[in-house]
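What follows is a single structure, written as structure tokens, with notes after it.
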Amino acid sequence: MAGIVGVHGIGKYNYYLEAGRSEAGAAEAMRLKWDRYLHVALGGETRAYFSEIAYFSHHLNDGRRGGDAARSSAAMEMQAQQVLVGWAKNLGVGEHVTGALKSFTGWLLDKLDGRSAAFAKLFAPEVAAYLTDQAKREKCRQVVADVIRKHRPKVVIAHSLGSVVTYETLWANPDLQIDLLITLGSPLGMRNVVFERLLPAPINGRGERPEGVKRWVNIADKDDIAAIPPNLAVSFTGVDVEELVNLDWIDFHTVEKYLGCPALDPHLRPFLA
């Protein structure tokens, strides 16, 4: 198979810490796992499918200390709270509740069930860090651009927040040409959180497939609270295939479930050597 590049989603900073704060170590640990996950969908002999996972989580979790960091942290907490409120409105939770933002977000997290609350605590800060801090945004996009440029893959598989980073990276680097983009559990179309903040900005309420992408397949679980709406074609021109799947009512957003999903097989099969 022509090498695939993967782009991870939220909550992967632990890979960086476990690898001794090594970006390369985190990327390799994830590559080995993603290979195992994808093997479930494709079957046959165990093999290396992914050339590399573009690892950027450390740029969203910089671990600074001191007064400047405290001020930055306070500002980012406010941004994360705003993302959380926007996300909750997409779910129809707390839409009519007013009051102090911090109090409302605390109430909201208490109201959510345990798994949804845990997801929200990962989703809101990292999405806010990416969308509101331009320096972090550029660093994440540079990682993805460098990995794609290095391996020149025919296929890029981007999960969760990684689909946002990949979308913007491909638009910002028109020299990057890929045959197939697969987005998994993507929040690209999420209104009042992600969609309006995309670069390039949507025109007349619609985004567009990056020019260097020949084919775009979007796969979303019907219960995935990050993929709102699950159907990206309502917001983007150039989505060739939409697959609505039923992965797991508990693990509704994990890359393990998405990569092991049978829906990937027909799209990847043409690239099997």
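For the single chain, residues carry numbers from 1 onward in sequence order. Quick caveat: nothing in here was measured; it's all calculated off a predicted structure.
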Applying a strict under-4.5 Å side-chain criterion to I, L, V, M, F, W and Y, I'd like to know whether [X] and [Y] cluster together.
X      : Y      : answer
Val40  : Met30  : no
Leu17  : Ile53  : yes
Leu199 : Val127 : no

Are [X] and [Y] side-chain neighbours, meaning at least one heavy-atom pair lies under 4.5 Å?
X      : Y      : answer
Ile182 : Val156 : no
Tyr49  : Phe271 : no
Ser57  : Tyr16  : no
Phe56  : Lys139 : no
Val143 : His59  : yes
Leu268 : Leu272 : no
Leu84  : Phe123 : no
Ile4   : Ser51  : no

Q) What class does the angle between the rings of Phe119 and Trp87 fall in, given that below 30° is parallel, 30 to 60° is tilted and above 60° is perpendicular? A) tilted

Q: For the residue pair Trp34 and Phe50, categorise the inter-ring angle as parallel (less than 30°), tilted (30 to 60°) or perpendicular (more than 60°).
A: perpendicular

Q: Go through the steps to decide whether His267 and Glu243 satisfy the test side chain to side chain contact (heavy atoms under 4.5 Å, CB included), and finish with yes or no.
A: CA-CA 11 Å; His267 305 296; Glu243 299 267 11; 3.0 Å; yes

**Q.** Criterion side-chain contact (heavy atoms from CB on, under 4.5 Å) against Lys222, the qualifying member of Leu247, Val245, Leu244
**A.** Leu244

[X] to [Y] - nearest heavy-atom pair and separation:
X      : Y      : value
Ala19  : Ala26  : CB-N, 3.6 Å
Arg215 : Val213 : O-CG1, 3.3 Å
His151 : Val5   : CB-CG2, 4.2 Å
Cys261 : Ala41  : O-CB, 3.4 Å
Arg191 : Gly205 : NH2-O, 3.6 Å
Gly11  : Asn14  : O-OD1, 3.3 Å

Distance only, no hydrogens: is a donor on one side chain within 3.5 Å (strictly under) of an acceptor on the other, for [X] and [Y]?
X      : Y      : value
Gln134 : Glu138 : yes
Ser163 : Ser186 : yes
His253 : Ser160 : yes
Tyr258 : Asp221 : no
Asn173 : Arg149 : yes
Glu45  : His39  : no

For the pair [X] (side chain) and [Y] (backbone), establish whether a donor and an acceptor sit closer than 3.5 Å, ignoring hydrogens and angles.
X      : Y      : answer
Trp171 : Thr166 : no
Glu126 : Leu60  : no
Glu242 : Ala233 : yes
Tyr13  : Asn61  : yes
Arg206 : Pro202 : no

Nearest 0.5 Å, what's the [atom1]-[atom2] distance between [X] and [Y]?
X      : Y      : atom1 : atom2 : value
Gln177 : Leu170 : CD    : CG    : 9.5 Å
Gln79  : Leu131 : CD    : CG    : 9.5 Å
Leu264 : Ile219 : CG    : CD1   : 4.0 Å
Asn246 : Asp224 : CG    : CG    : 11.5 Å
Tyr130 : Ile10  : OH    : CD1   : 15.0 Å
Arg141 : Glu168 : CZ    : CD    : 5.5 Å

Q.
Could you check whether His8 and Tyr55 have their ring centres less than 6.0 Å apart?
A. yes

Q) Ring centroid separation for Phe236 and Phe195, is it under 6.0 angstrom? A) yes

(Q) Can you pull out every salt bridge (charged side-chain N to carboxylate O under 4.0 Å, His left out) where at least one residue sits in residues 31-43? Sequence neighbours excluded, please. (A) Glu28-Arg31, Arg31-Asp35

Q. How far apart are the C-alpha atoms of Val217 and Leu180, what are their side-chain angles, what is the distance that settles it, and do they pass the side chain to side chain contact (heavy atoms under 4.5 Å, CB included) test?
A. CA-CA 7 Å; Val217 173; Leu180 175 63; 3.8 Å; yes

Q.
Under a 4.0 Å threshold between the charged nitrogen and the carboxylate oxygen, would Arg209 count as salt-bridged to Asp240?
A. yes

Q: Let me see the working for Leu176 and Thr169 under side chain to side chain contact (heavy atoms under 4.5 Å, CB included), right down to the final yes or no.
A: CA-CA 9 Å; Leu176 301 177; Thr169 299; 4.2 Å; yes

Q: Under the side chain to side chain contact (heavy atoms under 4.5 Å, CB included) rule, what do Leu259 and Ile157 come out as? Steps first, then yes or no, please.
A: CA-CA 9 Å; Leu259 288 176; Ile157 299 178; 4.1 Å; yes

(Q) Looking at Glu196, I'd like to know if its CD atom is crowded, meaning that more than 12 non-hydrogen atoms belonging to other residues, nucleotides or ligands lie closer than 6.0 Å. (A) yes

